[in-house]
Amino acid sequence: MMRTQVLVALEPDLSVEFAGIKLPNPTILASGILGVSSEIMIRAARAGAGAVITKSFNRKGREGYHNPSFIEVHGSYLNALGIPNPGMEEMKEEIAHVRKAGVRVIASVFGFDAEEFSEAASAGEQAGAMAVELNVSCPHVEEVGIEIGQSPRRVGEVVKAVKKRVRIPVIAKLTPNVTSIQAIAKAAEEAGADALSAVNTALGMAIDVEAGRPILGGVLGGLSGPALHPIAVRAVYQVKETVNIPIIGVGR
Ligand SMILES: Cc1cc2nc3c(=O)[nH]c(=O)nc-3n(C[C@H](O)[C@H](O)[C@H](O)COP(=O)(O)O)c2cc1C
């Protein structure tokens, strides 16, 4: 008699749940690199991302800085894009399109004050985002990543204002460009943040020695890639020692 064997490949369960966010696996497309058009966000999800985070957007949008805005440095990267984005009305359409495709999407927002942060967050929620990430950490837009992101008081103000405005979970994305990342993390937690992302890019600069001037159009840039990894690991470790809310690790 012939015997048949059926092999069943069991897929491991990689699902995670934190801060009211349920994901099929713990990978998330970080904000900013591929997050402006719905098509590319859907593609990232189809390639396996548990969720996607949009490019950071604000009320009216921004043009960003002139080129060069992204360069390779010692196997890592420096960028000074200046958060170019089409503004919240257009981003609402992109988010709604991503949601329609069944993709879990988190809206990344920024502003020049707490009111603008909350308006953009509310737009993200209305469009169907499952959570909102607050970019209080972009190093090359000084008013956002430095004036707000380096001040525990101002980070707290932004988180509080957004928490008042939306019902979805609020994630504060931290900058490593501070003396004490714990102080910023604590302020965000005390203001009601449901989770934290650590980290955004580290402030850097590149000089063209032949021309005797900075290479990036925006002069100062954010360092990402392999060189950022140990900084990100250190930041997550320090933040974990300080807060009781979940932390999303960012920085390869
Ligand atoms: C070109 C570029 C654009 C980015 N834009 C954003 C952004 O709009 N909002 C944000 O919160 N982070 C932005 N980031 C930061 C990334 O989300 C991430 O925190 C950083 O790149 C570190 O991760 P990595 O080393 O894996 O690239 C950007 C990074 C790059 C390289």
Side-chain angles (χ1 to χ4, degrees), residues 26-37 40-41 44 49 51-58 61-88 90-91 94-95 105-111 117 120-121 124 129 131-141 143-146 148-149 155 158-159 162 170-178 181 184 188 193 195-204 206 216-218 220-236 239 247-252:
T27 64
I28 305 177
L29 175 73
S31 176
I33 299 118
L34 297 173
V36 180
S37 89
I40 197 101
M41 286 189 267
V52 297
I53 306 185
T54 68
K55 172 82 192 160
S56 299
F57 61 90
N58 65 331
R62 272 171 66 86
E63 266 198 13
Y65 302 134
H66 64 81
N67 284 329
S69 57
F70 185 95
I71 58 169
E72 192 177 341
V73 281
H74 308 296
S76 294
Y77 310 97
L78 260 187
N79 89 84
L81 264 59
I83 332 186
N85 78 93
M88 64 186 189
E90 270 194 44
M91 285 306 288
E94 299 300 325
I95 292 170
V105 56
I106 297 171
S108 171
V109 301
F110 72 99
F117 266 96
V132 62
E133 184 178 79
L134 309 177
N135 178 359
V136 284
S137 42
C138 176
H140 42 83
V141 177
E143 302 88 332
V144 178
I146 295 176
I148 296 179
V155 167
V158 167
V159 172
V162 174
V170 174
I171 305 159
K173 184 168 180 181
L174 307 177
T175 175
N177 307 312
V178 282
I181 196 165
I184 310 287
L196 302 171
S197 288
V199 285
N200 208 316
T201 50
L203 191 62
L216 289 169
L220 301 183
L223 179 70
S224 64
L228 184 66
H229 185 254
I231 297 174
V233 172
R234 177 272 300 170
V236 170
V239 171
I247 305 160
I248 301 168
V250 199
R252 188 170 69 100

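Keep in mind that the numbers below use all heavy atoms, side chains included, and drop hydrogens, waters and symmetry copies. Here the structure is a predicted model, which means the values were calculated and not measured. Ligands are counted one by one from 1 in listed order, and the atoms in each one are counted from 1 as well.
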Inset, instruction - Measure from the side-chain N and O atoms of His140 to the backbone N and O of Gly82, and report whether any donor-acceptor pair falls under 3.5 Å. - result: yes
Inset, instruction - Please list, by chain and number, the protein residues whose heavy atoms come under 4.0 Å of ligand 1. - result: Ala30, Ser31, Gly32, Ile33, Lys55, Ser56, Phe70, Asn79, Leu81, Asn135, Lys173, Val199, Asn200, Thr201, Ser224, Gly225, Leu228, Val250, Gly251, Arg252
Legend entry - Qualifying residues under ring pair (Phe, Tyr, Trp, His ring centres under 6.0 Å), relative to Tyr65, sequence neighbours excluded: none
Inset, instruction - Test Thr201 against every option in Ser137, Pro176, Pro139 by the side chain to side chain contact (heavy atoms under 4.5 Å, CB included) rule and name the one that passes. - result: Pro139
Legend entry - Donor-acceptor pair between Ser197 and Glu133 side chains, under 3.5 angstrom: yes
Legend entry - Option passing side chain to side chain contact (heavy atoms under 4.5 Å, CB included) with Ile148 (candidates Thr175, Val136, Val141, Asn135): Val136
Legend entry - Side chain Thr54, main chain Ser56, donor-acceptor under 3.5 Å: no
